[in-house]
Amino acid sequence: MSTEEKSLNFIEQIIEEDLKNGLSKDKLRFRFPPEPNGYLHVGHASAICLNFGLGIDYQSPVNLRFDDTNPAKEEQEFVDAIKRDIEWLGYKWAKECYASDYFQQLYDWAVAFIKNGKAYVDSQSSEDMAKQKGTPTTPGTDSPYRNRSVEENLDLFERMKKGEFPNGTHILRAKIDMSHNNMLMRDPIMYRILHSHHHRTADAWCIYPMYDWAHGESDYLEQISHSFCTLEFLPHRELYDWFLDQIYDTTKVRPKQREFARRNLSHTVVSKRKLLQLVQEGHVSSWDDPRMSTISGMRRRGYTPTAIRNFAKTIGIAKRTNLIDVSLLEFCVREDLNKTAPRVMAVLNPVKLVITNYPEGKEENLEAENSQEDPSLGFRNVPFSKELYIEREDFQEEANKKFFRLTLGTEVRLKNAYIIKGESVVKDAEGNITEIHCTYDEDSRSGSGTEASQRKVKGTIHWVSIKHAIEAEVRLYDRLFTHENPDGDKEVDFKEYINPNSLEIITGYLEPSLATAKEGERFQFQRLGYYCVDKDSSTQKLVFNKTVGLKDTWAKVESKE
């Protein structure tokens with residue numbers, strides 16, 4: 001990468017410095033190391049874009065490595081979902097790896113640690129161990145088992161591996177320094193007993209390595225040059241390096257851990273534990289509920305891979321944690337869909353419009369462009385007839401001069417069709433308008449080239465022909481939380497801020513061209529917003545999700561508040 005091409009972020013500066021100091025470019029290798037204990041969320045998307053983006057920029061391999069060291073919480077479903085999400089974002093990994101690939105090597109190294117006096121089996125209860133560890137301001141004390149003989153440690157560790165002891169009976173600890181300033185260095189746990197079925201190794205192991213032990217060593221085995229992780233792992237770097245010191249061969253690449261800040265997103269949570277709670281307690285329908293901050297939820301809602309990659313690029317990489325307004329993500333989505341989504345007409349809050357002077361029984365097909373942004377998308381035919389649906393908000397019986405839609409005695413253009421004039425209304429017993437009657441100018445059809453067609457009117461509204469309209473279920477999504485930082489106050493349960501109005505289901509009426517729309521296809525419902533076909537759709541019933549509005553309505557609401 002040439003530093004003249006662009007300004008570098010601090011991570012790229014680290015890599016450039018290492019290359020200047022003698023690291024061969026062909027030794028660069030990165031990795032993305034998710035735990036398969038849930039679905040990836042928007043925070044992971046930033047990390048994916050970082051690591052795979054570096055791979056693209058430096059033309060270097062990037063491994064996908066699953067940190068599958070806790071079988072009690074891991075499932076193949078999550079492995080499959082993670083792979084699907086990364087591929088959907090547009091990235092390819094060089095090797096698909098698993099920490100479980102290295103279980104035997106990690107075990108063999110642990111045995112060597114014991115033989116070298118660098119590890120021991122501790123048999124304290126977790127409560128006693130917590131007391132013995134000390135505090136950040138007071139040193140810890142040695143475990144009563146710290147000076148077990150090598151022979152006893154080897155015997156116990158072997159029996160732990162064979163499954164002779166129940167969970168929690170023994171652990172293997174590294175022997176470092178119980179008075180170390182960094183509490184993570186006070187004889188950290190390397191292995192715990194866990195009688196759980198593993199999604200890859202089945203029941204072959206009864207002990208499993210801890211993250212701190214497995215992670216750096218896995219990086220080393222894969223010859224990862226740079227191991228990037230979030231800031232909470234900064235205190236772990238010292239332990240990462242200590243473990244590598246014990247096994248490092250100077251002829252090989254030594255991985256370097258460096259940290260970047262999490263980018264939290266407003267009005268959502270990005271903790272897998274909390275996302276799991278939302279699913280298990282029924283606050284959302286599933287991990288891919290379109291209100292979720294998961295990548296699969298965003299995909300189902302209609303967000304595009306390009307928008308998410310652009311969002312990650314826009315927020316960049318930083319050394320300080322901060323809260324990113326979700327409206328920035330929505331802006332990136334809106335910007336991409338404006339270029340790519342075909343325009344169609346749909347009415348979501350209908351009122352009947354009758355053109356009284358339009359011939360009874362007449363139908364015609366009017367030409368409508370599919371996108372003003374992309375002429376290559378061409379045109380489609382939209383059926384027109386005497387009776388239409390328009391949006392109830394597009395009519396007022398009496399209106400001020402700033403209302404440029406349909407009123408009695410004024411003219412508007414029907415999109416791609418004719419100029420009409422409001423004449424009268426029909427109301428029910430409660431005074432609600434059930435029909436609007438209007439007349440049309442027969443010579444004013446859009447694109448006809450007549451003098452009347454070029455006449456300027458102040459407003460244009462969309463419509464669908466009642467006779468030809470398709471009914472569809474439309475799911476209108478709002479933000480899942482009313483508070484911008486729902487888990488920011490540790491005194492308040494984040495679920496207290498769940499928005500009770502985050503989902504509204506209505507019936508919409510769509511132009512017939514949408515009859516063949518397929519799952520995942522995205523459209524702009526003109527003047528309403530962007531919508532995509534949900535996976536719940538069938539040949540009998542279309543289901544659309546609202547992706548994002550045409551404008552940021554939340555910004556207006558919050559500025560008033």
Side-chain angles (χ1 to χ4, degrees), residues 35 67 69-70 72 99 102-195 205-221 227 229 232-248 254-255 257 259:
E35 296 175 68
D67 174 31
T69 58
N70 186 4
Y102 316 126
F103 279 177
Q104 186 61 51
Q105 177 63 78
L106 291 168
Y107 177 81
D108 292 343
W109 274 332
V111 169
F113 272 43
I114 293 172
K115 290 178 179 177
N116 294 331
K118 296 288 179 71
Y120 63 97
V121 174
D122 197 344
S123 307
Q124 296 181 93
S125 69
S126 56
E127 293 79 14
D128 287 341
M129 191 172 142
K131 293 175 191 171
Q132 168 255 336
K133 203 156 189 181
T135 70
T137 55
T138 58
T141 55
D142 287 355
S143 163
Y145 302 100
R146 198 173 196 264
N147 295 315
R148 273 177 162 151
S149 68
V150 169
E151 292 72 25
E152 186 180 3
N153 281 320
L154 289 172
D155 175 63
L156 284 170
F157 192 47
E158 174 70 17
R159 291 166 65 194
M160 287 165 62
K161 177 177 178 285
K162 289 179 177 176
E164 292 185 21
F165 306 112
N167 293 355
T169 314
H170 305 288
I171 54 171
L172 183 73
R173 296 177 72 175
K175 188 185 285 188
I176 306 180
D177 181 358
M178 289 305 297
S179 60
H180 201 287
N181 289 336
N182 183 347
M183 290 190 68
L184 294 171
M185 300 293 284
R186 295 182 186 178
D187 292 8
I189 302 171
M190 294 175 67
Y191 277 91
R192 77 284 203 201
I193 299 168
L194 195 57
H195 292 275
W205 292 87
C206 301
I207 54 171
Y208 290 92
M210 300 299 289
Y211 175 87
D212 281 326
W213 167 233
H215 189 74
E217 274 38 44
S218 297
D219 285 343
Y220 177 64
L221 287 165
S227 179
C229 50
E232 66 263 33
F233 290 100
L234 177 58
H236 296 248
R237 192 203 293 182
E238 193 170 9
L239 180 55
Y240 181 99
D241 287 333
W242 186 89
F243 278 137
L244 283 177
D245 287 342
Q246 315 312 313
I247 52 102
Y248 174 56
R254 181 185 174 112
Q257 176 182 307
E259 305 79 21

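For the salt bridge (charged side-chain N to carboxylate O under 4.0 Å, His left out) criterion with Asp187, the lone passing option out of Arg146, Lys118, Lys133, Lys175 is Arg146.
When atom types are taken as modelled, the side chain of Thr138 and the backbone of Gly134 share no donor-acceptor pair closer than 3.5 angstrom. Arg192 places a side-chain N or O within donor-acceptor distance of the main-chain N or O of Pro209, the cut-off being under 3.5 Å. Judged by distance alone, the side chain of Arg148 and the main-chain N or O of Val121 form a donor-acceptor pair under 3.5 Å. Checked by atom type and distance alone, the side chain of Gln132 pairs as donor or acceptor with a backbone atom of Thr141 at under 3.5 Å. Side-chain N or O atoms of Asn167 include one that pairs as donor or acceptor with a backbone N or O of His195 at under 3.5 Å. When atom types are taken as modelled, the side chain of Asn182 and the backbone of Pro235 share a donor-acceptor pair closer than 3.5 angstrom.
The ring of His215 has its center closer than 6.0 angstrom to the ring center of Tyr211.
Scanning all heavy atoms of the two residues, the minimum distance from Phe243 to Glu217 falls at O-OE2, 3.2 Å. In this structure, Gly216 and Tyr240 approach most closely via the heavy-atom pair CA-CE1, 3.3 Å. Heavy atoms only, all atoms of each residue included: Ile176 and Pro188 are closest at CD1-CD, 3.6 Å. Contact detail for Arg237 and Glu259: the closest heavy-atom pair is NH2-OE1, 2.7 Å. Across Pro136 and Arg186, no two heavy atoms sit closer than the pair O-NH2, 4.5 Å. Trp213 approaches Leu106 most closely through the heavy-atom pair CZ2-O, 3.5 Å.
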Verdict with supporting geometry, Asn70 and Leu194, side chain to side chain contact (heavy atoms under 4.5 Å, CB included): CA-CA 8 Å; Asn70 186 4; Leu194 195 57; 3.5 Å; yes
Derivation and outcome, ring pair (Phe, Tyr, Trp, His ring centres under 6.0 Å), residues Phe157 and Tyr191: CA-CA 9 Å; Phe157 192 47; Tyr191 277 91; 5.3 Å; yes
Criterion side chain to side chain contact (heavy atoms under 4.5 Å, CB included) on Trp205 and Tyr107, from CA distance to verdict: CA-CA 10 Å; Trp205 292 87; Tyr107 177 81; 3.8 Å; yes
Worked verdict on Ile189 versus Met129 for side chain to side chain contact (heavy atoms under 4.5 Å, CB included): CA-CA 11 Å; Ile189 302 171; Met129 191 172 142; 3.6 Å; yes
Intermediate values then yes/no, side chain to side chain contact (heavy atoms under 4.5 Å, CB included), Ile114 and Leu172: CA-CA 9 Å; Ile114 293 172; Leu172 183 73; 3.8 Å; yes
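Contact check on Asp155 versus Arg159 returns a salt bridge, with a Lys/Arg side-chain nitrogen under 4.0 Å from an Asp/Glu carboxylate oxygen.
Going from atom CG of Leu156 over to atom OH of Tyr145 covers 10.5 Å, rounded to the nearest 0.5 Å. Between the OH atom of Tyr220 and the OH atom of Tyr248 there is a distance of 7.0 Å, given to the nearest 0.5 Å. Rounded to the nearest 0.5 angstrom, Met160 CE and Ile193 CD1 are separated by 4.5 Å. Rounding to the nearest 0.5 Å gives a distance of 11.5 Å between CE of Met185 and OG of Ser179. Taking NZ of Lys131 as the start and CD of Glu127 as the end, the distance is 7.5 Å to the nearest 0.5 Å. The distance from the CG atom of Asp128 to the OG atom of Ser123 is 11.5 Å, given to the nearest 0.5 Å.
Applying the salt bridge (Lys or Arg N to Asp or Glu O under 4.0 Å) test to Asp108 and every residue at least two apart in sequence or in another chain returns nothing.
With contacts defined as side-chain heavy-atom distances shorter than 4.5 Å, the pair Phe113/Ile247 qualifies. Residues Arg254 and Asp245 have side chains in contact (heavy-atom distance under 4.5 Å, counting atoms from C-beta outward).
Classified by interplanar angle (parallel below 30°, tilted 30° to 60°, perpendicular above 60°), the ring pair Phe103/Tyr208 is perpendicular.
By the 6.0 Å contact criterion, CG on Asn181 is open, its count of non-hydrogen atoms from other residues, nucleotides or ligands being 12 or less.
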